[in-house]
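See below for the structure under consideration.
Protein chains get the first letters and strands the later ones, always in sequence-line order, with residue 1 at the start of each. Computed over heavy atoms, backbone and side chain alike; hydrogens, waters and symmetry mates excluded.
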Number of protein chains: 2
Amino acid sequence: MLDERRDSCECSVIHEDIVNMARKNMPKEEHLYDLAELFKVFGDTTRIKILYALFTSEMCVCDIASLINMTQSAVSHQLRVLKQARLVKYRKEGKVVYYSLDDDHIKQIFDQGFMHITE
Amino acid sequence: MLDERRDSCECSVIHEDIVNMARKNMPKEEHLYDLAELFKVFGDTTRIKILYALFTSEMCVCDIASLINMTQSAVSHQLRVLKQARLVKYRKEGKVVYYSLDDDHIKQIFDQGFMHITE
DNA sequence: TGAACATATGAATATATATTCATATGTTAT
DNA sequence: ATAACATATGAATATATATTCATATGTTCA
């Protein structure tokens, strides 16, 4: 009997045809990584709250901080993460910085997520 | 001039009307927490790969481990996380355990995520 | 010019979690 | 009964990251 053991898997392939098909359907490693990074950004209550706030309207850092009851610093740090993920954009008006959503898919992703947790 | 400073926010509310409106639209704390927990589960490459594998077909632990080139133990640990999040279910057939998807929204969430990262 | 203010940011700390390793559990076949 | 095997799991380690604290940057207004 063939020994299909691999380096990092101490058990053998049982259904080779299915594994091969799944391998074909698997997106590129790079895309999978980017997708995980995106969801990682959504995987934090503070950032979720910030994004929900921005569903209502563009908002400055102070207002967001007051709304979700977090320090200005914590909010600013998280806005940076959201900015890097291209989920929010900003505009400056004097010393006030207004943040707003930079993606149309967020709401739909959240809605789908809600369908899972409330079903 | 009013001092609107709060415990955990060292700056004042600038646009009270918008903050109030955003507060009304904000989902329950509990839901926001659950939503973040759900996305946290998606925020890991190994789990993303497992879920993509299961888009093709139900699959046993060994096959998944071989496919994504991870140890049986690591896969089993992550399957537990996915199970706890009610994203996968399983059936036993002798000593082999077959895992499959337990949610219809996952694919749509992933597709929306792809639209963000590839746009 | 300088005080007040909105925001950003680096460093440190605390906490969560992914993987590994060793081993346990439970099933099949001889 | 026992060997072989598929899977599960507890503990330990390593790593990522959220928040805090102190402070820097840049703007407005008196």
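Residue B/Y90 places no side-chain N or O under 4.0 Å from the OP1 or OP2 atom of D/dA6. Taking 4.0 angstrom as the limit, B/T71 places a side-chain polar atom (N or O) nearer than this to OP1 or OP2 of C/dT20. An OP1 or OP2 oxygen of C/dT19 is reached within less than 4.0 angstrom by a side-chain nitrogen or oxygen of B/T46. In this model, the phosphate group of D/dT7 is not approached by any side-chain N or O of B/R80 to a distance below 4.0 Å at OP1 or OP2.
The aromatic ring of B/H77 does not sit over the base of C/dT19; the criterion of centres under 5.5 Å apart with planes under 30° is not met.
Whole-Å rounding puts the A/K49 NZ to D/dT19 P distance at 9 Å. Regarding A/Q84, its CD atom lies at a distance of 13 Å from the C1' atom of D/dT17, rounded to whole Å. As rounded to whole Å, 12 Å separates atom P of D/dT20 from atom CD of A/Q72. Atom P of nucleotide D/dA6 and atom CD1 of B/I64 are separated by 14 Å, given to the nearest angstrom. Computed from coordinates, the B/E58 CD to D/dT7 P distance equals 12 Å when rounded to whole Å. The separation between B/D44 atom CG and D/dT15 atom C1' is 13 Å, rounded to whole Å. Straight-line distance from the CZ atom of A/F39 to the C1' atom of D/dT17: 19 Å, rounded to whole Å. Rounded to whole angstrom, the span from the CZ atom of A/R91 across to the P atom of C/dA6 amounts to 16 Å.
Classification of the B/Y98-A/H15 ring pair by plane angle, with boundaries at 30° and 60°, yields tilted. Ring geometry for A/F110 versus A/F55: interplanar angle over 60°, hence perpendicular rather than tilted (30 to 60°).
No engagement by B/Y98 is indicated, since no non-hydrogen atom pair under 4.0 Å with the nucleic acid exists. In this structure, B/K40 reaches the sugar-phosphate backbone alone: every heavy-atom distance under 4.0 Å involves primed, P, OP1 or OP2 atoms, never a base.
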*Going through the distances and angles, do A/I109 and B/H116 end up as a side chain to side chain contact (heavy atoms under 4.5 Å, CB included)?*
CA-CA 10 Å; A/I109 293 176; B/H116 175 78; 5.6 Å; no

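Residues B/L87 and B/L38 meet the side-chain proximity criterion, which asks for heavy atoms closer than 4.5 Å. Between B/V88 and B/L51 the shortest side-chain heavy-atom distance falls below 4.5 Å. Between B/Y99 and B/L82 the shortest side-chain heavy-atom distance does not fall below 4.5 Å.
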Please list each protein N or O that sits under 3.5 Å from an N or O in nucleotides 28-30 of chain C, with the distance.
none

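A/Y52 and B/H31 form no side-chain donor-acceptor contact under 3.5 Å, judged by distance and modelled atom types alone.
For B/A74, whose side chain is taken as the heavy atoms from C-beta onward, the closest listed nucleotide among C/dT19, D/dT20, D/dG10 is C/dT19. Distance from the side chain of A/Q78 is smallest to D/dA18 among C/dT19, D/dA18, D/dT20. In this structure, of C/dA18, D/dT20, C/dA6, it is D/dT20 that holds the atom nearest to the side chain of A/S73.
No donor-acceptor contact under 3.5 Å links the side chain of A/S76 to the base of C/dT9.
DNA chain D is contacted by both A/G43 and B/K92; B/K92 maps to the nucleotide lying nearer its 5′ end (nearest heavy atom per residue).
Scanning all heavy atoms of the two residues, the minimum distance from B/M59 to B/D63 falls at CG-CB, 3.8 Å.
C/dT19 and D/dA12 make up a base pair, with Watson-Crick or G-U wobble contacts both under 3.5 Å.
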